[in-house]
Amino acid sequence: NFRDLVSTRKMEYLAINPRDHKNKNRIAREIVTVVRSRGGRFLKRAAGVEIVDGDPEVYELADETAVLEKAKQALRQNRTARSMMTGSSPSSNKPGNVADIGRQSDMMEGV
């Protein structure tokens with residue numbers, strides 16, 4: 001699934017120079033391509049849809065820019081891989097820095 005793919009590529013992503021956007025984008029794009037090749041879709045809540053109690057929420061396909069940003073966010077999130085490489089504590093443990101792990105599942109379906 002998406003999180004497993006992110007997990008397998010996280011060390012590689014975090015080892016790249018922070019200014020090397022070309023390779024960071026490449027890794028995110030590769031993850032998105034694999035998810036889609038397995039029948040997965042990246043979704044977002046539909047804007048302007050009134051939600052009434054008992055009715056399911058409405059989703060639509062997310063645009064490519066948003067999908068790549070979410071993939072890169074997932075690769076950066078909970079930087080334990082970088083912390084292991086540098087020996088420092090992960091930034092997600094700092095007070096006031098709350099990771100929103102569950103939100104990724106709102107963007108992906110079918111993987």
Between Ala71 and Phe2, what is the shortest heavy-atom contact and its length?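 Heavy atoms only, the tightest pair is CA-CZ, 4.0 Å.
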Taking only residues two or more places apart in sequence or in another chain, which ones pass side chain to side chain donor-acceptor pair (under 3.5 Å) with [X]?
X: Asp63; result: none
X: Glu30; result: Arg9, Arg26
X: Asn17; result: none
X: Arg29; result: none

Which distance, rounded to the nearest 0.5 Å, do you find between the NZ of Lys72 and the CD1 of Ile27?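 Separation between the atoms: 11.5 Å.
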To the closest 0.5 Å, what do you measure between CG (Asp4) and CD1 (Ile31)?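 Interatomic distance, Asp4 CG to Ile31 CD1, rounded to 0.5 Å: 11.0 Å.
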Where do Arg3 and Leu5 land on the side-chain contact (heavy atoms from CB on, under 4.5 Å) test, with the steps shown first? CA-CA 5 Å; Arg3 290 186 185 156; Leu5 290 170; over 6 Å; no
Is there a donor-acceptor pair closer than 3.5 Å between any side-chain N or O of Asp20 and the backbone N or O of Ile16?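 The answer is no, because no donor-acceptor pair under 3.5 Å joins these two groups.
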Just to verify, which of Leu68, Val32, Leu61 counts as forming a side chain to side chain contact (heavy atoms under 4.5 Å, CB included) with Phe42?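 Exactly one pass, corresponding to Val32.
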Could you check whether Arg36 pairs with Glu64 (Lys NZ or Arg NE/NH1/NH2 to Asp/Glu carboxylate O, under 4.0 Å)?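 Glu64 and Arg36: salt-bridged.
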Can you confirm if the NZ or CZ of Lys24 lies within 45° of the ring axis of Tyr13 and under 6.0 Å from the centre of its six-membered ring?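 So Lys24 does make the cation-pi contact.
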